[in-house]
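As structure tokens, the structure follows; a few thoughts come after it.
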Amino acid sequence: MSIPLILASKSRPRRDLLYGAGICPTIRESHVDEDAALASTAKERGIDAQMMPAEERVATLAREKALAVAQSFGAVARTASEAQGDLQISYPLKDGYGSISKVTPIQDAINAHNGLTSASVGPLVIGCDSMFSLDGVVYGKPHSEENARERLRQMRGKTGTLWTGHCLIDVASGRELHAVSHSQVSFGDFTDEDIEDYIATKEPLEVAGSFTLEGFGSAFISGIQGDPSGVIGLSLPTLRTLVESLGIRWTQLWNLSREQKQGTNPDNPDAPSSNVHQPGDGWIDCACGHRHWGLNGASGVLLARRDQESGRITDVLLQHRALWSAEGGTWGAPGGATADGESPLEGALRESFEEANIQPEDIRVVGSYREDHGPWGYATVFAFEKPGHQVQPQANDDESMSVEWVPFDKVAQYKLISPLQRDWPEFEERLKSLAAQDRPQR
């Protein structure tokens with residue numbers, strides 16, 4: 001099993017660099033406020049943020065992004081390690097749907113998977129940030145056509161420096177390493193008309209320095225001195241050096257064959273173009289006659305909200321599934337494919353955050369149910385909000401039309417995804433039983 005790599009960015013060029021190098025990363029956007037992060041660091045150093053050199057700025061932002069994502073995976077591991085209750089397992093192809101064939105403590109199941117909770121190394125989180133300096137001025141993303149136009153006019157015929165900061169964090173040990181790469185980028189001459197046509201593509205508006213090496217802007221670059229991949233936003237030689245400094249061989253990150261190296265997910269042709277192949281994505285042909293999503297199985301969190309006084313369940317959090325997804329338009333528990341190196345519980349916690357904004361630190365796992373089909377299985381994780389915590393649902397990606405608290409006594413009236421429709425009567429009773437066993441502290 002390869003060591004999982006988490007890319008703290010949705011940058012497609014960075015993803016494609018890793019794909020081309022044989023690594024399919026898990027994508028987790030950091031949502032770091034870059035201006036606030038730079039201002040905070042500058043204040044600590046007693047300087048103006050605009051006076052920080054480019055290499056310090058990219059190093060600061062790379063670390064902030066990596067830390068934010070590493071902390072989110074750490075929260076998943078902590079919540080998993082605190083999980084209580086039992087895992088009930090059903091083997092429907094052998095014993096029929098609805099039968100409970102095995103009951104085991106949920107912690108025993110977590111430990112058996114050697115996932116995040118018990119891993120001695122990994123996953124590795126890589127955060128990156130790039131900026132361009134020209135004639136002593138540091139440029140980030142222009143964001144507007146006016147800024148891009150001005151910068152492109154200044155750049156033509158000149159040479160500047162593209163700086164890329166890297167921060168690598170091993171979630172298991174907490175070790176973090178940093179490095180900044182730089183390359184000299186020379187531009188050819190191009191006309192005002194070329195600039196207007198380039199701006200019309202929208203490409204230069206949200207990239208460091210207003211240019212790309214891998215896109216429309218590549219033909220306007222006359223030369224590069226240094227590492228080309230650093231210009232794209234992630235220096236592969238630099239990342240390899242950081243990985244090996246942790247005592248990990250670079251090849252231990254490879255999880256793609258030559259045939260699998262591609263930037264999109266062919267298994268989901270109807271998915272939005274922003275959705276990409278991640279570790280564990282893919283279809284399993286099952287003896288039950290259906291194709292199931294998730295090469296390692298799949299899982300989700302069925303989260304219940306309780307009355308603070310009585311402990312009675314009032315609502316459950318459900319995802320209104322995107323129309324392009326399997327059984328689109330139905331309602332279900334937020335979840336998805338289990339990634340490489342995760343236990344089903346850890347996968348459920350990660351996916352429910354990515355899809356529904358369920359922060360792991362806001363919930364307490366009280367039990368689980370796994371429907372095991374042999375080569376594939378689905379785990380439903382039962383959880384309550386922690387006392388004093390409230391989950392604020394939000395559709396964080398394209399897989400949800402909405403995420404809503406649904407009154408507990410009205411769930412059966414919704415158009416549920418077929419497995420939940422079939423299992424809801426048993427789930428309803430189990431949630432009631434779990435709530436009764438876990439009375440509010442007075």
Side-chain angles (χ1 to χ4, degrees), residues 7-11 13-14 28-72 125-169 174 176-187 195 199 202-213 217 221 224-227 229-235 238-239 242:
L7 177 60
S9 169
K10 279 193 170 183
S11 163
R14 291 188 181 117
R28 171 64 69 83
E29 192 172 7
S30 65
H31 300 291
V32 165
D33 185 330
E34 298 185 10
D35 291 338
L38 290 175
S40 176
T41 300
K43 183 177 180 180
E44 290 175 2
R45 298 181 185 178
I47 62 174
D48 188 309
Q50 296 302 314
M51 299 302 294
M52 290 176 65
E55 54 266 44
E56 290 187 23
R57 297 192 202 186
V58 296
T60 296
L61 293 178
R63 182 172 188 268
E64 290 292 326
K65 293 174 181 179
L67 275 175
V69 171
Q71 288 168 357
S72 71
V125 177
I126 179 65
C128 301
D129 193 81
S130 298
M131 289 187 179
F132 182 68
S133 62
L134 179 70
D135 296 335
V137 179
V138 179
Y139 296 103
K141 301 172 183 177
H143 300 304
S144 72
E145 293 186 2
E146 180 180 356
N147 288 338
R149 183 176 296 110
E150 178 183 355
R151 295 179 189 183
L152 288 166
R153 287 174 177 172
Q154 292 172 340
M155 289 157 51
R156 54 187 168 193
K158 293 184 179 180
T159 297
T161 305
L162 195 290
W163 302 86
T164 297
H166 304 75
C167 178
L168 183 70
I169 299 177
E176 62 176 87
L177 298 173
H178 317 88
V180 176
S181 69
H182 67 279
S183 300
Q184 302 299 313
V185 183
S186 298
F187 298 91
I195 291 175
I199 289 174
K202 305 297 183 183
E203 180 182 272
L205 302 186
E206 298 300 329
V207 291
S210 311
F211 69 92
T212 65
L213 178 59
I221 298 173
I224 292 174
Q225 184 176 356
D227 171 29
S229 62
V231 177
I232 296 175
L234 192 165
S235 169
T238 300
L239 177 57
L242 294 177

Enumerate donor-acceptor pairs with a distance under 3.5 Å from any side-chain N or O in residues 125-134 to protein atoms, sequence neighbours excluded.
unit_1, atom_1, unit_2, atom_2, d
D129, OD1, K65, NZ, 2.7
S130, OG, T164, OG1, 2.8
S133, OG, W163, NE1, 3.1

Please list every donor-acceptor pair under 3.5 Å in which a side-chain atom of residues 46-57 meets a protein atom from a residue at least two apart or in another chain.
unit_1, atom_1, unit_2, atom_2, d
D48, OD1, Q50, N, 2.8
E56, OE1, R45, NH1, 2.4
R57, NE, M52, O, 2.8
R57, NH2, Q50, O, 2.8
R57, NH2, M52, O, 3.3

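Atom-to-atom distance recorded for L38:CG and T60:OG1 is 6.0 Å, nearest 0.5 angstrom. Rounding to the nearest 0.5 angstrom, the gap separating the CG atom in L242 from the CD1 atom in I169 is 11.5 Å.
Annotation: Q225, atom CD; neighbour count of heavy atoms from other residues, nucleotides and ligands within 6.0 Å does not exceed 12.
Two residues are said to be in side-chain contact when any heavy atoms from C-beta on lie closer than 4.5 Å; L234 and I232 fail this criterion. Side-chain contact between C167 and E176 is present, with at least one heavy-atom pair separated by less than 4.5 Å. Contact check for F187 versus I221: side-chain heavy atoms found under the 4.5 Å cut-off.
The minimum heavy-atom distance linking L205 with A148 is given by the pair CD2-CB, 3.9 Å. Across all their heavy atoms, R151 and S210 have their closest contact at CD-OG, 3.5 Å. The shortest heavy-atom contact between T238 and H166 is CG2-ND1, 3.8 Å. The shortest non-hydrogen separation linking R28 to S72 is NH1-OG, 2.7 Å.
With L213 as the partner, the side chain to side chain contact (heavy atoms under 4.5 Å, CB included) test is satisfied by one option alone out of V207, V185, V231, L162: V231.
For T41 (side chain) and A37 (main-chain N/O), a donor-acceptor pair under 3.5 Å exists by modelled atom type. Q184 places no side-chain N or O within 3.5 Å of a backbone atom of T159 that could act as its donor or acceptor partner.
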Problem - Candidate pair S235 and D227, rule side-chain hydrogen bond (donor to acceptor under 3.5 Å, both in side chains), full reasoning - result: CA-CA 7 Å; S235 169; D227 171 29; 2.5 Å; yes
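Under the side chain to side chain donor-acceptor pair (under 3.5 Å) criterion, the residue pairs touching residues 138-149 are Y139-Q154, H143-E206, S144-N147, E145-K202, R149-E196, with sequence neighbours excluded.
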